[in-house]
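Worksheet for the structure shown next.
Lettering follows sequence order; numbering is per chain, from 1. All values below were derived from every heavy atom in this structure, side-chain atoms included, with hydrogens, water molecules and symmetry-related copies excluded.
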Amino acid sequence: MKQTPRKKAEIVLPMIVILIFLLIWYSITYFKLVPAYQMPGIADVAKSFKEEVMAGRLANDVIASMWRVTVGFVISAILGIPAGLWLGQHTRLRYALTPMFNFFRFLSPLAWIPFAILWFHIGDKPAVFLIFMATFFPLAMSTMTAVASIPSIYFRVAKDYNYKGTELLTKVTFPAVLPQIITAMRVSYGIAWVVIVAAEMVGCQDGLGYGIWDARNGLRLDTAVTYMVIIGVLGMLMDRLLSQLTKLRNVRWGYER
Amino acid sequence: MKQTPRKKAEIVLPMIVILIFLLIWYSITYFKLVPAYQMPGIADVAKSFKEEVMAGRLANDVIASMWRVTVGFVISAILGIPAGLWLGQHTRLRYALTPMFNFFRFLSPLAWIPFAILWFHIGDKPAVFLIFMATFFPLAMSTMTAVASIPSIYFRVAKDYNYKGTELLTKVTFPAVLPQIITAMRVSYGIAWVVIVAAEMVGCQDGLGYGIWDARNGLRLDTAVTYMVIIGVLGMLMDRLLSQLTKLRNVRWGYER
Amino acid sequence: LRFHPWSQKSAVADKKDVVHEGPNNDARRSLTVGYLPVTCHLTCPVTDFASKTTKTSTNFNSQRFTDFPTVVDALKAKQVQATFMIAPLAMKLREDGAPVKICYLGHRDGSEIIIRKDIQATSLRDLKGKTLALPSFYSNQNLVIHKLMEDQGMQPNDINFVILPPPDMPTSLAAKAIDGYFVGEPHCAKAELLGIGKVLYLARDIWPNFVSCVLVVHEDLIKEKPDVVKDLVRGIAESGKWAEDHRAEAAKLAAPYFRQDQKVLNYVLTSSPHRVSYAQLTPTDAEFQQIQDMAIKMGILKKRLPISDYMDRDFIPQTIVAAPIPVDKIPDKN
Amino acid sequence: MNDSKQTTLEAEKVSHNYGDIHVLENLNFKVNPGELVTIVGPSGCGKTTLLNILSGHLRPVGGKVISNGIIRTVYQQDGLFPWLTVGENISMGLRSMSEQERQKELDELIKLIHLEGFKDHYPHELSGGMRQRAEIARALAGESDILLMDEPFSALDYQTRLRMRRELVRLLALRQRTVIFVTHDIEEAAQLADRVFVLSKRPATISREFIIRSPKPRNLTDNAVIAAMKAILSQLGLQPWDGNTSHIFDENSKTN
Amino acid sequence: MNDSKQTTLEAEKVSHNYGDIHVLENLNFKVNPGELVTIVGPSGCGKTTLLNILSGHLRPVGGKVISNGIIRTVYQQDGLFPWLTVGENISMGLRSMSEQERQKELDELIKLIHLEGFKDHYPHELSGGMRQRAEIARALAGESDILLMDEPFSALDYQTRLRMRRELVRLLALRQRTVIFVTHDIEEAAQLADRVFVLSKRPATISREFIIRSPKPRNLTDNAVIAAMKAILSQLGLQPWDGNTSHIFDENSKTN
Ligand SMILES: Nc1ncnc2c1ncn2[C@@H]1O[C@H](COP(=O)(O)OP(=O)(O)OP(=O)(O)O)[C@@H](O)[C@H]1O
Ligand SMILES: Nc1ncnc2c1ncn2[C@@H]1O[C@H](COP(=O)(O)OP(=O)(O)OP(=O)(O)O)[C@@H](O)[C@H]1O
Ligand SMILES: [Mg+2]
Ligand SMILES: [Mg+2]
């Protein structure tokens, strides 16, 4: 019953904030508070948006980037979450591999580019590889940390009821950290989107990240901003989708308030 | 009493893993399992490491990058954590600003580069700005999520004892999410290191990220790997330092096991 | 906020990969000039070195960048007021209304079409259906290769073009991700030295007196400090003349600036005088007219501008003598 | 201390439900200043819910609560802040005091709950009963007008429980407070209460209300206590009532 | 069911300490198969610690535990899995059964704990007592040989508590199990136990051990129960003992 006004607030309030933001942007460019070359105006951005749509490029770029992000992210979720669960459960393994994982966690996708090319050539594959490299380690690490801080009582109960191996993993460890895994997935999904710009540096001929490079190469700040806006909005929407996971009944306990 | 063997395991086991890793690397290059240009050998990397050290560049690069990462990260911690606490506590504010924050969270530092230069010129400032932009939003978002899932009982108790405003924030909300903030800081510190490569694209003349660009432009894969190794190792060490925070007595409860 | 906690050491830091012994104390003025570590921009570090080792009135500090868009942003923000840049991009910048002028050239030739060693090809036509990498749509390489395709009766989409950052080109070629590329040195020599690529065309085979990069100067600087600009253009001209005749020394000089392998640079500069040249750096109208025409045809530029609109020849010296660089002062960093 | 007379705590037609589950049904009562009311009733009938409504943490679906004064609650679940030591937890209510006074008060409270030596321990290093005692001390520390106690002695051994009852009565005599005390221990309810509310099964109503007029502290063997226990047990259907009302006043009986 | 005879549970010179805090001091005992031992002792003396050691979750600093058989524990803190419904939680011990059998058993258990209609609720939607009951049902579900119960009825009202005691005795008659039952309710200890361990203050030792030989189920008014209560109370120093040992066998008395 209380859902409806809450839902409304969830939509209306952000709208207001966005409007205020647009207004500030508009005033800055309208009153020339900063030189024009420092900040493209809304009108320019809208115009270049229209151009891109008309050229049919935009839809294609969106699909291409979504595809790369999704594939890379899904692969790292499929590998990273189980890896994190597994490492979290085995103390010695965790000690052994944490530094290694941490090491790789700190490496920029930009630094991986030459290797991406050497191993995966150009096109979609290196982009997917870069997204994978950027999201796998944070996801595994967060899952691992979450597992390591599961209240010990749950493991005691699990032991009492003879949960072992895979069953322990799927019936106890996984659901116990699911709320945190969802949060970690949202964070790493963010990283995946952030990396798309670096990933599409590598010989891609389409995609939103490529669009930004292209715009920069073409000295079109307005087009670059258009692509930034699209990346931001798409990411936002996808995050909204992911956040629906927090409404699952068996994770509600993790978001108590 | 049980600390000592555990400490030992924490050091010995990773060593073993690293040795195995180096061995695999060595064998791959030694037995020429992949062509030399695809993977520089350990010897080459060691040589270029020595070169960089001899040239006195390395120490300077390390200091420069550490400085930029630290400044950017500290600024975003100083702003992001309070922002997250504050947003987490006010439901309407959270609804209002989450989409905006999410939007910015998905933007690549690479996309911000033009603005970094136009607004902050070249040198340290744009690099710090890029690191800030990359870490502020994840940090604020994680803090916010953590606050939103504080068990309501703590807020009830706080209300009973008349904790309000700043006192509520510093005495209840903050300590209640401190364990998660520490985790979030470790994750975003990782992001800060990852971004250093992009950040030092912006007209820096030193730094580890710049070193990687330089190595690539200089067609020196071995030097690039040297810098990658240094970035990874430094990040690892700094994470080790940050992880000491989890040993504080008043956060132990959050890492129960 | 202090951004340089190590200011104590900054003097040392400035020196770290610079081969001279510090700024020329006689010179009262100084100017930062942007460049990328490619041989097309070789005259920039040479001028830097020359300004500090010979008697000049301006200290030129060369600042290395990683890519052109960043250079452009730095120029717009007036963080550098003079820089080397690919010619069509400079024209585009001018067309967009940025207050910049082309004052001089950086080099002649200096680019090659490199193909994989195992590809049997003698002309562009043999590359039909293959993938060729270019550094940017706004590069002269892009314009020229399309011109060449047209000349050889090919359709624009007979070859797959991909845009790649030049440092990734040899890597991509080695991985067989691409079949060839057209870019400035030393990225071509690298592939040759690695034994993975061979030269299909030198730039001069396609277009005699090819230019890809020009010297771009902010108009404010031209207005406020014409003497400095004059010094700069003369410095580049004299450096060019010196480099033309001291190729091995130039490679040795530039290697630490570029932070590149001296062997590769040496190969570029000395293996054949046809690879790159630093003579005749005075631009002609015809050349630029031709570049502009091609760019308009490619849709890179919108409208034809009078040459004088983006070119400023006022600073080009009448007589050019080689810079008296003390060869013995070039340290051997390798 | 003199302002405690103005303390009010009143429920007017309070009803509550969680989704389909009706928990409270039209509760009406007024607690007199300084009175100690114990609430007994079957598990899951809505006692905790009622306390949450009285303290204002939960908005009732129907009706309203009128209260005035500082409210402290001893929660049924663990309500100690895990990031504070026992001493810091107890000091939460003593923030307005001077450092010296606070130390004195704190030491006294720690002695009261028999946790000497555990002042600097964190809650997760304590046993269940020790945590509960710390929570009681926290609620008792400093000034408050209304105490809501949700099964506060449930994890304590019999001896400690007797002691805590005595101490509670002693402290309330020193500093008057209005107390609502939920318990499953009928002996406890009878020994401590000025008034006993017997709640029915969910949806809870007050099925019976007893007034116990005997002075405190009371002994377990006092006639009033024994009579009250019998009355409560009979109301809960556990014992036939022998009808001895000499010490018990049955008020407002509304068996539903 | 016949294998329960082989169940062993034995503590040999068990000692434990957390850092400086000595908790258990040289405990020696052997629980007979099918026996129900209740443990009473002051809050914080180490009862929970002892159970953790018996179940193998905690390694004692000194001595050892010999046990054989499937152990189930009712924890003092909330031990229900918050991500499972009440029904799923209870079914944890029933995984080896067929779907049909499981449903039947589950329905029976839910009826036993009076949580009809809450099968699909999550623990955080239950009251404290309801959660405790669900946990009891979970421990009772399926095959097990040893039950460790840490104040299992502490959050229940008197009536439910009586009922749960009855049910426990009934179930144990149907399916023999060795039970260690920690409680603060002396009545409960006396009514349920075959043997009572009275623990001393920290560091805990068994200060006294009583054997109650009366058959079960017992009434609260049975002489054996009353005698046992008196004996325990006196050992705890709460009542002088009148020395009536007709139903109580005082064994192994080692007052320290
Ligand atoms: N994790 C821990 N770290 C340090 N000390 C602990 C820890 N757990 C228990 N203790 C200490 O051990 C002692 C015994 O605790 P335990 O929980 O066994 O008591 P208990 O007999 O179960 O008490 P209660 O009846 O209150 O539940 C207590 O003094 C407590 O302070
Ligand atoms: N958050 C919740 N969501 C849904 N139902 C709830 C919630 N909290 C309590 N309930 C329901 O409300 C009823 C009353 O709960 P409450 O905690 O008030 O009982 P109680 O009288 O305190 O019981 P106990 O003596 O066991 O603590 C229970 O049936 C429970 O299922
Ligand atoms: Mg309750
Ligand atoms: Mg206990």
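- For the atom pair CH2 of B:Trp213 and CG of A:Leu110, the computed distance is 5.0 Å after rounding to the nearest 0.5 Å.
- Taken to the nearest 0.5 Å, the CG atom of A:Asn102 stands 9.0 Å off from the CZ atom of B:Arg240.
- In this structure, the separation between CE on B:Met236 and CZ on A:Phe104 is 10.5 Å, given to the nearest 0.5 Å.
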Intermediate values then yes/no, side chain to side chain contact (heavy atoms under 4.5 Å, CB included), A:Phe115 and B:Val225: CA-CA 10 Å; A:Phe115 298 98; B:Val225 171; 3.5 Å; yes
Kindly indicate, with the supporting measurements, whether the criterion side chain to side chain contact (heavy atoms under 4.5 Å, CB included) is fulfilled by B:Val187 and A:Met141. CA-CA 9 Å; B:Val187 170; A:Met141 288 290 296; over 6 Å; no
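- At a threshold of 4.5 Å between non-hydrogen side-chain atoms, the residues B:Leu221 and A:Pro114 count as touching.
- Of the residues considered (B:Val233, B:Thr183, B:Thr145), B:Val233 shows the highest number of contacts with chain A, using heavy-atom pairs under 4.5 Å.
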Let's go through B:Arg105 and A:Trp193 carefully: what are the C-alpha distance in whole Å and the side-chain angles of both, what is the deciding distance for side chain to side chain contact (heavy atoms under 4.5 Å, CB included) to 0.1 Å, and is it a yes or a no? CA-CA 9 Å; B:Arg105 188 157 68 91; A:Trp193 266 115; over 6 Å; no
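- Separation of atoms CG (B:Leu13) and CE (A:Met100) is listed at 14.0 Å; rounding is to 0.5 Å.
- In this structure, B:Asp239 CG and A:Phe106 CZ are separated by 4.5 Å, a value rounded to the nearest 0.5 Å.
- Proximity to chain B is limited to the side chain of A:Ile113, based on heavy atoms less than 4.5 angstrom apart.
- Ranked by heavy-atom pairs under 4.5 Å with chain A, the first of B:Val229, B:Val195, B:Ile16 is B:Val229.
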